[in-house]
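What follows is a short report on a single structure.
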Amino acid sequence: MRMERSLPTRDLTARIDRKEHIGADGDRLVVLDGLELRLAPGTFTCLIGPSGCGKTTTLRILMGLDDEFDGELDPALREARIATVFQEPRLLPWRTVAQNVLLALPRPDLPRVEAALASVGLEGMADRYPAQLSLGQARRVALARAFATEPEVLFLDEPFVSLDEASAGRLRDLLIALWQRRPMKVLMVTHNLREAVRLADRIVFLTERPARVAGVAEVELPRDGRDPEAVSRFAAELARRFPGLAVA
Amino acid sequence: MRMERSLPTRDLTARIDRKEHIGADGDRLVVLDGLELRLAPGTFTCLIGPSGCGKTTTLRILMGLDDEFDGELDPALREARIATVFQEPRLLPWRTVAQNVLLALPRPDLPRVEAALASVGLEGMADRYPAQLSLGQARRVALARAFATEPEVLFLDEPFVSLDEASAGRLRDLLIALWQRRPMKVLMVTHNLREAVRLADRIVFLTERPARVAGVAEVELPRDGRDPEAVSRFAAELARRFPGLAVA
Amino acid sequence: QEQDLPIVRLGLLQYGTVNWEAKTIVDEGLDEKYGFELEIVPFAGGDATKVALMAGNVDVTTDDWLMVSRQRAMGDPLVFIPYSTSIGAVMAPCEGDIQSLEDLEGKTIGVAGGPLDKSWLMLRGMASESGMDLAAATTPVFGAPPLLTEKLRQGELDAVLNYWHYNARLETEGYCEVISAQEAARSFGAEGAVSAVGYVMNEEWAEENPDLARGFVDASRDAKEVLAESDEAWERLREMTGAENEEVFQMLKQRFREGIPTSTPTQERDDTAIVYNELAKIGGEQLVGPATEMAPGTFWSGLESGS
Amino acid sequence: MSRSRSATAARLLSVALFFLLWHVVSLYVSPRLFPSPWQVATFVLRETESGVLPYHLSITLLRVLAAFVLAMAVGSALGFLMGRSRGADVVLQPWLILTLNIPALVVIILSYIWIGMTETAAITAVALNKIPNVAVTIREGARAMDPTYMEMARVYRFSRVKIYRDVIAPQLQPYFAAAARSGIALVWKIVLVVELLGRSNGVGFQIHLYFQLFDVRAIMGYTLAFVAVMLAVEFLALQPLDRRAQRWRPKQV
Amino acid sequence: MSRSRSATAARLLSVALFFLLWHVVSLYVSPRLFPSPWQVATFVLRETESGVLPYHLSITLLRVLAAFVLAMAVGSALGFLMGRSRGADVVLQPWLILTLNIPALVVIILSYIWIGMTETAAITAVALNKIPNVAVTIREGARAMDPTYMEMARVYRFSRVKIYRDVIAPQLQPYFAAAARSGIALVWKIVLVVELLGRSNGVGFQIHLYFQLFDVRAIMGYTLAFVAVMLAVEFLALQPLDRRAQRWRPKQV
Ligand SMILES: Nc1ncnc2c1ncn2[C@@H]1O[C@H](COP(=O)(O)OP(=O)(O)OP(=O)(O)O)[C@@H](O)[C@H]1O
Ligand SMILES: Nc1ncnc2c1ncn2[C@@H]1O[C@H](COP(=O)(O)OP(=O)(O)OP(=O)(O)O)[C@@H](O)[C@H]1O
Ligand SMILES: [Mg+2]
Ligand SMILES: [Mg+2]
């Protein structure tokens, strides 16, 4: 894997000792309990865990959207240029598709917006409002927005759901291509083990709530040898190694 | 497949000759162009098609949410008790989880609400507000709501995304169990061919926009013989039969 | 028996000076003496009494002959009964440089009641006789009476043309009368004092209830006599006047007494007609309506037949 | 717990600050133009003991209440209709602008002349003044509603009651709150004018009397008495309701 | 196209209906209390020709404009602050209730006394009357904002300008529209009182003058002249702006 290492080459670390949510009736709910993550430069990490275990909560903390936790965050995270695909598209409904992408760029750059929209298959939709998109199209706009900003750290929360397999496959390829071109750290939440095997360098498995790291798997398959066959085989092996956590 | 046939035994048909959407700038976009669907009593139909081809639009027309199309809808659809899982959870954010389910019932029935929530693995979350749920939990509430109403026709728009495989598997089993207990017609949109093979009696493939029926496959596997192996095999076969439409 | 007496409803400003007389009528039992029971309906603003009379919720209220004449000209048969000749006057600091009408030139002068105020128009008429256009030569500021008084105290205004009870207070604070509208009336040729305000009632009501109307006028006259002579009667009114000190109280008493009309009804009617003609010239159609002369019957005819 | 306690402390401090400021200013200004809080308090106490203030205050409050309820009911219905139906909006729009902009004075006088100088006329006049304001606010709310919830309700065949109570009302709540808060204040201000123009009691009547006498102390006293009632309503009724209505909201960033 | 044409037709019909109704009523009522549209129109024409009405109307409009802009700016800022910061809300709340409920008369008189009988005092008084109403409305809007958009903006490090222009303003738009529409009407009503109490020109001054003469025709004439201006503002400025702001919304069910 060739890579121009010009940007931060340090590992980014996050230690979340404890994160509680407060319910409507004031009861406390421990969501994260001693979770440590390390994002190495140029690595692609996947996070897998059961529904409601705290994956989104973890991403929010890493992105600096939630300060109310015990633990320590690498200060470099606060300064890094980050981008994200939230679990829902989160487009501004009162701005057109093109404006939504444009706004996320530090400097206006229309050609880049057009290129980003074309790369996710949305040519000619630049002037629509989000309410006029299908959900899959809206997700693709969110992906285009994240990709267009060329971030140093990219957070993805189940980015490829609501997409047909063909589109999803193309977008996965696009993501890998981008990531190989620029040395960014990627942290992606997914429920799809095969997807994780296909994309990631490391897979972090989380336990049920309160989430802790239940296991870490390095994906040792070469990038150019990840055909469906090999992916299925590796996924099946993981499912054996982490019973109850990974389902092939 | 045993089934107590007490409720409407007629086929429900829908013919959508043409459906246009109007963009912000007034341009017309043909979304559906000569689409015919037939829902036979007690059958489980899956709809598969590329992102943005018009699946959600079709469901909305069938549910009576969109009258502006050329074509004909079976009037029985308007009277039938229907339920749906939208592509997003669409819970009322100002009502608790339990209230959200309760409101959908024609008559208040708290025990049924509790049973429905328990069946999707949300015991003890009855008094939370939707903003305090993870997306996967919210989707499960939407499923519980749809299941609790015991509909005659059930529409599902990608109901099992954002769920870990284990939960999704359990919920698929739950859906099949419900469907076998009561003779309801199910129309489910999915992007997951294996999921469709596992659940459906018929799979309808749609073309790119404007959507037409590109092919119909009857899933001839016996219900009790749909183990992962068999499903994979059948899916691969479908992918061969419908190249470009189905991706295994 | 008291309940059997017919009721006359009198709409008044709660702290208006007319209220002093009305209270005296009730306190002295003058209403019963003339065979009616006086019901005082208090209001907070002058506009309210006008609306009340229009809406038929009171039988008698107070206003001026200008208004009565204008309404009559438009077909609304109101009649006027003089009540007081205490009229507006221009007040300025006693020590200041404003001692006469001419001194107002170039000054800022507060005018209560707006540009159609009777006193203001009368003074303008008087000034024009000596070739001065008062409205152009001064900077008039129209505003609410209490506010204008306050502004004079603050020194923002050089002089104020205001109603007599505001002026009475100012007189105790080092301000003097520069000129009164009554002087203007005299300059027009009026022989006696003209009224500033009076009772107003509907002529139809007066015709249907001649005894009540008559009785009311008699009771009013008696009350004035009491107030003119008796200091005790004034003690009862002390709180009602809102006088903040003895000096103000005495001043109000004195000015009130001076304002009791002395002319005969006919003479006053003729004097008023003279003034009316002058005002019609200045105020134009906007002020007096289509009639250039005071509408016949503005002064209640019942007055002349009686006393 | 401790959060709401510190809020109460801040609130009290804020009120104390207000009186302090007032006191300090009053030291430098003629007491006739700007009486001190103590002078005003003395006046209020005296008028309360004599029963005059409670009498006028309670009458005014009743008028405010009646007109408020009337205006909110009619205005909300109208605004909702206009927000939901383009036809109604187009047809009623000129009327709305007209009634919005008719001076209070004109409406009040016409009511008094037509209906008579009665309580009904007074309350009608106030309500008529306020209705278009409510309608304008609720209309914006009705327009801004999220249609996806209504779709859900239609699929599940929600009854009319459920639609209004569980789908529509919660979405209109902030607009309703805005209309109610600024509404009660507006109603009160118009009631003052109504009382000035044709009622023989009420706070507005009193305030104008004292204005003729230029008794600033009394004007302030009556004003503050009403404000005190409104503060009580705010903290004892509106805010708890508000908190209830906001419970579901995620915290703001 | 045809849709907006039929809307214009409906609108004109609605206005025509208004005049018809007025005409019919005026047939049955004394013209002194309720003059016909033609009498009022004649008056307006005459006063326009003589230049009197345009003079007073333009002065009033300038005052309305100045006070409106001032009140919207200050009120929005205040309301936004209170909606976003619980601390600010708690501290400012009692002040808000107080200022909301101070009678217009009191504010106007105090302004005139303190600032002098000047244009500044007049406009300040009107703005002070209106600010709390704007604040109350915008506060509800700020509270009802969807935090998910702000989160997105923070992740992408939106500049301050972008946050206000692209994230916050569109969410506050309906509240702003409500505050503006009912605001301009309220400002105009208070300007009338301000002009009555201490200005020597303006529509309010004229209306009061004619009220003393009990000239209903003139009162209606001046009122309608202002309403006509407001209708023009509504249809030529507010509605196109509104439509622009609503463009993105999905159709309502
Ligand atoms: N309100 C609308 N106005 C204009 N165009 C719309 C509107 N809603 C949907 N469309 C367009 O219609 C097409 C079909 O949309 P639809 O939501 O039915 O797609 P879908 O098949 O459900 O896609 P997905 O799998 O992404 O959910 C899309 O191309 C979309 O852009
Ligand atoms: N604002 C909140 N208040 C209270 N509880 C919350 C809140 N947000 C999330 N939770 C709870 O915290 C837990 C973790 O939520 P989170 O959204 O991180 O889950 P997740 O792992 O992303 O799940 P999913 O796969 O379903 O998206 C869940 O059990 C959820 O109910
Ligand atoms: Mg999540
Ligand atoms: Mg869809």
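All values derive from a computational prediction rather than experimental measurement. Labels below follow one simple rule: chain letters A, B, ... track the order of the sequence lines, proteins then strands, and each chain is numbered from 1. In what follows, every heavy atom counts, from backbone to side chain, and hydrogens, waters and symmetry copies are set aside.
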Worksheet entry | Carboxylate-amine/guanidinium contact D:Glu140 D:Arg143, below 4.0 Å | yes

Practice prompt. Check each atom of D:Arg244 against the heavy atoms of chain B and say whether the ones under 4.5 Å are side chain, backbone, both or neither.
Written response: neither

Worksheet item: Would B:Asp11 and B:Thr13 count as having a side-chain donor-acceptor pair, cut-off 3.5 Å?
Response: no

Worksheet entry | Between B:Pro106, B:Ala83, B:Ala131, B:Ala146, the one whose heavy-atom pairs under 4.5 Å with chain D are most numerous | B:Ala83

Worksheet item: Would you call B:Arg81-B:Glu150 a salt bridge at under 4.0 Å N-O?
Response: no

Item to complete: Inspect the contact between B:Glu158 and B:Lys55 and indicate whether a charged nitrogen and a carboxylate oxygen are less than 4.0 angstrom apart.
Response: no

Discussion item. Please tell me whether B:Thr56 and B:Asp157 have a donor and an acceptor in their side chains that are separated by less than 3.5 angstrom.
Written reply: yes

Discussion item. Less than 4.5 Å to any heavy atom of chain D: does that hold for the side chain of B:Arg90, its backbone, both, or neither?
Written reply: both

Response to the item:
Applying a strict 4.5 Å limit to non-hydrogen atoms, the region of B:Thr149 in contact with chain D is side chain

Item to complete: Give the member of B:Pro151, B:Pro130, B:Pro93 that has the highest number of heavy-atom pairs under 4.5 Å with chain D.
Response: B:Pro93

